[in-house]
There are 4 protein chains.
Amino acid sequence: MTRRERKEGITKQRKQQIFDAALKVFSKKGFDQATIPDIAQEAGVAVGTIYNYYQSKHDLLLSIIKGYIVTESFIGLLEQPPESSSAAAFISSLINERLSIGLDNADVMQLLMSEIQHDPELRRQYTEQVVVPNFKLLEEYLGLRIAKDTFRLSNIPIVVRALIGMIIGLAIISKIEGETGLMRRIPRQVLVAEVTKLILEGIERK
Amino acid sequence: MTRRERKEGITKQRKQQIFDAALKVFSKKGFDQATIPDIAQEAGVAVGTIYNYYQSKHDLLLSIIKGYIVTESFIGLLEQPPESSSAAAFISSLINERLSIGLDNADVMQLLMSEIQHDPELRRQYTEQVVVPNFKLLEEYLGLRIAKDTFRLSNIPIVVRALIGMIIGLAIISKIEGETGLMRRIPRQVLVAEVTKLILEGIERK
Amino acid sequence: MTRRERKEGITKQRKQQIFDAALKVFSKKGFDQATIPDIAQEAGVAVGTIYNYYQSKHDLLLSIIKGYIVTESFIGLLEQPPESSSAAAFISSLINERLSIGLDNADVMQLLMSEIQHDPELRRQYTEQVVVPNFKLLEEYLGLRIAKDTFRLSNIPIVVRALIGMIIGLAIISKIEGETGLMRRIPRQVLVAEVTKLILEGIERK
Amino acid sequence: MTRRERKEGITKQRKQQIFDAALKVFSKKGFDQATIPDIAQEAGVAVGTIYNYYQSKHDLLLSIIKGYIVTESFIGLLEQPPESSSAAAFISSLINERLSIGLDNADVMQLLMSEIQHDPELRRQYTEQVVVPNFKLLEEYLGLRIAKDTFRLSNIPIVVRALIGMIIGLAIISKIEGETGLMRRIPRQVLVAEVTKLILEGIERK
DNA sequence: AATGAATGAGCTTTCATTCAT
DNA sequence: GATGAATGAAAGCTCATTCAT
């Protein structure tokens, strides 16, 4: 390893260190209540050091949120459903994957939801890069399944929003209930199985 | 009306005036970005006047959130389902009422969700007064229906959370999509009907 | 005097108090070295109070400089020379008036000259509002006198710049030499008389 | 050349490199607005390197200003007028040389004038080493010429200050008017000739 | 009870300076 | 000698809160 490489490694590590600290503090206190000294202390660096890696507090927020957006978005695009898989399997894997992301990143999601309200540019980005394409993808898929006679006829855009909304809401409830709440105690696969069944079959007895 | 009563009436009215202004400004800008001068201007009073009615900015926030909690909670308790009504009708009216509250108060809900994270005491209150009793109520009701063979057997706590989560998530999506988004353009009863059907029947063709 | 009038009087007085303190501190330390706490202390108010009267430190600078620019400019426009007065009398009164302004406001002038270099907008304003019109006025006047055979033929723009430059330079020298320097010890009218004679007759013996 | 000599040569060169960069950046942005990273980049060295050659930012400023003072002063002392040359020729060469220095170094001069106000020690040095000796020299010379009946009788100290002041003022006006201003478009010799004539003969028709 | 000017603690950000490499 | 990341003091500015009127 050359000296340059080692240096770059340290730099990257230091940036990550600050990123992690910011994520933690933002999650705990919210963006406005979090202070740069808070983050510096959490990261174990001086205040000024943060500004060697991020242009501003807002930049730090963006880099956290954008990382999350990209994750959300790319995975969404990658998982284009193979024609072969059954409808139930697709819904199940969709819920599994999405719900996991939501539950595991509840902190960032909460942060995102909160900041999106007051930052129009952020909202535009999130809408364009995440909401619209993901909704579109799902709508197309559901349309296909209806055409194939697998799903019943319904107002697709509403169903898509209800489905995604349910996942978002579950993540939020999980966060409100906290570490000891039901959502964290139930095995992930049980949760996914039950929610999948709800979406596919509803609660009514046939 | 005695002089004392008239005075109290004016006082109450003035307090309401400030409350409304604070609700509006907090909803629009979020707690931290909202300033007392903002609220004073919106209420049409001087900055100092606000402190004659509320002890602090935080006190103002609490009174708004508590008001919302009470509303949510009381309505939840009042609407105990008559044994007579059909399962479908109950679910439909539940979704209708809850979703309406969520959509119409998306701003306050957002505020609540955000502040709950950073104020443990607030979270405790919300959990105890709203989350737990409402979840319990629904769980009991669903259990009853299952016993009556109207609903299929399922993991009740998860279904309850999925149902409530869906409503929360729909309110959030509605807020993200904004004024011109789909959620605001669809007639409320269409929305409710479709979501109700989804919950009752699922999306799979029988 | 009504209560409102008294209040406005106090407000005006407070603003002046801050203005004076800022002028003093800026003059002594220069714009960048002067701090808001410096000015606050000099004015005998709290830091925050300054921001109740001026939007920013830069705004405070502008208000000082603009006051000076207006003074310089308006007087220049008002003193349009009557056709009747003799050339010598005009030059004498011009030097008298201008030099007095320069000497009495050497601090602000110094400040202006310094900040003009780094603030293009300020430079544009100063050039448009002071330099160009004043130079033009003088050029026209000198042209008139040449046509009337009172002044010898010369490159008018250069003469104008040399004349104004001399006044500026004298003010600067006065400031460098300080309180005990020659420029402050000589009676103003002697100074004016000598400079006037220099401009009119030169130093060569005829 | 020994190794030691070569090393010292490199050292000297590096110091000059930093000096030049600092001069450039200070001139452009002013002392306070200029940053050490600015200067380092302009010099093509690292920030830390600057501190191997200069103790502080202020030290760098001093070394620049002192260099300029020495230049101004030495040239002033060196050009002692030969008795032989005519009065007109002396005044002309004085204006030519001084005005050229002023115009070509307007940036440094500006810097000097600005910093002199806030640094008493610097002012003392400048006064003692530049102002006093140069004024004295000129005063003596003018006195001589008056005695020789070449110049008319006048208040010599004032005339000296007016003459030097004119040169300073012209440099400043040149800077205010900027690249496209009149002062930069007129050929240097025309400027010098006109100013010389003004000083010698004045503007009045004889 | 209503007012709003005054306050100053506390925020984000900058940058001269240091020092381990 | 050269480097540039780390540092933290100190700046400009905001705004919740107070209190004399």
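Numbered from 1 within each chain, the chains take letters A, B, ... in sequence-line order. Remember, predicted model here, so these are calculated numbers, not experimental data.
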A.B. asks: Are OP1 or OP2 of E:dT13 and a side-chain N or O of A:Tyr51 less than 4.0 angstrom apart?
C.D. replies: yes
A.B. asks: Do you know which of D:Gln17, D:Lys24, D:Gln16 makes side-chain hydrogen bond (donor to acceptor under 3.5 Å, both in side chains) with D:Asp20?
C.D. replies: D:Gln16
A.B. asks: Round to the nearest Å and state the distance from A:Ile10 atom CD1 to F:dG4 atom C1'.
C.D. replies: 13 Å
A.B. asks: If I take atom NZ in residue A:Lys57 and atom P in nucleotide E:dT14, what distance separates them, rounded to the nearest angstrom?
C.D. replies: 15 Å
A.B. asks: Looking at every strand, decide which applies to A:Thr11 at a 4.0 Å heavy-atom threshold: base, sugar-phosphate, or nothing.
C.D. replies: nothing
A.B. asks: Taking the nucleotide of DNA chain F with the nearest heavy atom to each, does D:Val47 or C:Val47 sit closer to the 5' end?
C.D. replies: D:Val47
A.B. asks: Taking for each residue the nucleotide of DNA chain F with the nearest heavy atom, is it B:His58 or C:Gln55 whose nucleotide lies nearer the 5' end?
C.D. replies: C:Gln55
A.B. asks: Nearest whole angstrom, please: distance from the C1' of F:dT3 to the CD of D:Gln41.
C.D. replies: 15 Å
A.B. asks: Taking for each residue the nucleotide of DNA chain E with the nearest heavy atom, is it A:Pro37 or C:Ala46 whose nucleotide lies nearer the 5' end?
C.D. replies: C:Ala46
A.B. asks: Do A:His58 and A:Asp119 have side chains that approach each other closer than 4.5 Å (heavy atoms only, starting at C-beta)?
C.D. replies: yes
A.B. asks: Rounded to whole Å, how long is the line connecting atom CD1 of C:Ile36 with atom P of E:dC11?
C.D. replies: 20 Å
A.B. asks: F:dA6, F:dT17, E:dT12: which one has an atom nearest the side-chain heavy atoms of A:Asn52?
C.D. replies: F:dA6
A.B. asks: Has the side chain of C:Thr49 got a donor or acceptor atom that lies under 3.5 Å from a matching backbone atom of C:Val45?
C.D. replies: no
A.B. asks: For C:Tyr54, is the NZ or CZ atom of C:Lys15 found under 6.0 angstrom from the centre of its six-membered ring and inside 45 degrees of the ring axis?
C.D. replies: yes
A.B. asks: Calculate the interatomic distance between A:Tyr54 atom OH and F:dA5 atom P; express it in whole Å.
C.D. replies: 15 Å
A.B. asks: Is a side-chain donor or acceptor of A:Ser114 paired with a backbone partner of A:Gln110 at a separation under 3.5 angstrom?
C.D. replies: no
A.B. asks: Roughly how many Å is it from CD1 in C:Ile39 to P in F:dA11, rounded to a whole number?
C.D. replies: 12 Å
A.B. asks: Ignoring backbone atoms, test whether D:Thr49 places a side-chain nitrogen or oxygen under 4.0 Å from the OP1 or OP2 oxygen of F:dT3.
C.D. replies: yes
A.B. asks: Applying a 3.5 Å limit to both distances, which nucleotide forms a Watson-Crick or G-U wobble pair with F:dA20?
C.D. replies: E:dT3
A.B. asks: Please verify the inter-ring angle class for C:Phe26 with C:Phe31; under 30° counts as parallel, over 60° as perpendicular, anything in between as tilted.
C.D. replies: tilted
A.B. asks: Between A:Gly48 and C:Val45, which residue's closest nucleotide on DNA chain E lies nearer the 5′ terminus?
C.D. replies: C:Val45
A.B. asks: What integer distance in Å separates B:Ile50:CD1 from F:dC19:C1'?
C.D. replies: 16 Å
A.B. asks: Can you tell me if the side-chain N/O atoms of B:Thr35 get under 4.0 Å from OP1 or OP2 in F:dC15?
C.D. replies: no
A.B. asks: Contact class for C:Tyr53 vs. all strands (heavy atom < 4.0 Å): base, sugar-phosphate, or nothing?
C.D. replies: sugar-phosphate
A.B. asks: How many Å lie between CG on C:Asp59 and C1' on F:dC13, as a whole number?
C.D. replies: 13 Å
A.B. asks: Contact class for A:Ala34 (heavy atom, under 4.0 Å): base, sugar-phosphate, or nothing?
C.D. replies: sugar-phosphate
A.B. asks: Below 4.0 angstrom from OP1 or OP2 of E:dA1, is there any side-chain N or O of B:Arg14?
C.D. replies: no
